[in-house]
Amino acid sequence: MPELVVQLTRAGFLLLLWLFVFAALRVVRSDLYAASGLRVNLPNLRRGKDKKRPRAGGRGGGKMPRQLVVTQGALSGTRIALDGKPIMIGRADDSTLVLDDDYASTRHARISLRGDEWYVEDLGSTNGTYLDRAKVTAPLRVPLGVPIRIGKTVIELRP
C-alpha cells in the first residue's frame, strides 16, 4: 500500500479519536455544570391577580399536594413527603430521589415550591424532562396528577 494512503488513514483515525475525546469532555462538562447547582435568577412566573385565584386545571382542583409518588419505573410505589424543601432528582447519591436510570443525568431535575405552587425545572439534562408530553425548557407549574417523565421514571404530585 502506498505510504500516502497509510499516512492519510492514520491522520483520519487520529482526527476521529480527538472528536470522540472532545464529545466526551463536553458531556462531562455539562454534567459537572449541572451538578454545581449554579443558580440563575428567573422572572416571577405569576402575574398580578393570579396569586389570589384558585388553581384551575389539573386533576386535583384546589387541593394542595402533600407527596410525590413514583408511578412508573424501577422505583414504582416510592413516596416522598412534600415539606416545602426542593426535591432534587437524578443519579447523584445526594439527590432526594436517586434514579438508577441510564436516561437520567447526575443532576437531572428539581421540583421546588414557589409561593403555594410546585414547579419542575430541568437542570440541563441530556435527555430532557417532560411535564405530561411537553418538554420542560423553563420552570413550569406542576398540577396535581400530571405526570413528570424523567427517562423511564414517571412521577406525580398527589394530595
Please answer: with hydrophobic residues joined when any side-chain heavy atoms are less than 4.5 Å apart, are L157 and L113 in the same cluster? yes

Nearest atoms (heavy-atom pairs only) where L82 meets W118: CB-CZ2, 3.6 Å

Check the pair T71, R158 against side-chain contact (heavy atoms from CB on, under 4.5 Å), reporting the backbone distance first and the verdict last. CA-CA 11 Å; T71 58; R158 300 253 174 101; 3.3 Å; yes

For V142 and L131, what are the C-alpha separation, side-chain angles and deciding distance, and is it a side-chain contact (heavy atoms from CB on, under 4.5 Å)? CA-CA 8 Å; V142 181; L131 179 62; 4.2 Å; yes

Out of the candidates T96, V98, D94, only one should pair with M88 under the side chain to side chain contact (heavy atoms under 4.5 Å, CB included) rule; please name it. T96

Hits for salt bridge (charged side-chain N to carboxylate O under 4.0 Å, His left out) against D102, two or more places apart or cross-chain, chain-then-number order -> none

Where the side chain of S105 meets the backbone of T126, is there a donor-acceptor pair that is under 3.5 Å apart? yes

Can you confirm if the NZ or CZ of R149 lies within 45° of the ring axis of Y130 and under 6.0 Å from the centre of its six-membered ring? no

Strictly distance-based, threshold 3.5 Å: is any side-chain N or O of D132 a donor or acceptor partner for the main-chain N or O of A134? no

Heavy-atom distance under 4.5 Å between the side chains of P159 and L144, does that happen here? yes

Between R91 and A104 (side chain of the first, backbone of the second, donor and acceptor by atom type, cut-off under 3.5 Å), is there such a pair? yes

Closest non-hydrogen atom pair between P147 and E156, with its separation: CA-CG, 3.9 Å

Atom pairs and distances, donor-acceptor, side-chain atoms in residues 2-25, under 3.5 Å, two or more places apart:
residue : atom : partner : partner atom : Å
E3      : OE2  : Q7      : NE2          : 3.1
T9      : OG1  : V5      : O            : 2.7

To the nearest 0.5 Å, how far apart are CD in E117 and CE in M64? 8.5 Å

Walk me through whether I80 and L97 qualify under side-chain contact (heavy atoms from CB on, under 4.5 Å). CA-CA 8 Å; I80 298 173; L97 181 60; 3.9 Å; yes

Quick check: does any side chain N or O of D122 sit under 3.5 Å from a backbone N or O of A109, one acting as donor and the other as acceptor? no

Using the side-chain contact (heavy atoms from CB on, under 4.5 Å) rule, take V69 and T78 through it: C-alpha gap first, then chi angles, then the decisive distance, then the call. CA-CA 6 Å; V69 179; T78 302; over 6 Å; no

When clusters are formed by joining ILVMFWY residues with side-chain heavy atoms under 4.5 Å apart, either directly or through shared neighbours, do L75 and I155 land in the same one? yes

Does the D101 side chain pair with the main chain of K152, one donor and one acceptor, at a distance under 3.5 Å? yes

What distance do E121 atom CD and T137 atom OG1 have between them, rounded to the nearest 0.5 Å? 11.0 Å

Test item: H108 side-chain N/O and G128 main-chain N/O as donor-acceptor pair under 3.5 Å: yes

Atom pair CZ (R110) and OG (S95), whose distance is rounded to the nearest 0.5 Å: 11.0 Å

Distance from I148 atom CD1 to L68 atom CG, nearest 0.5 Å? 6.5 Å

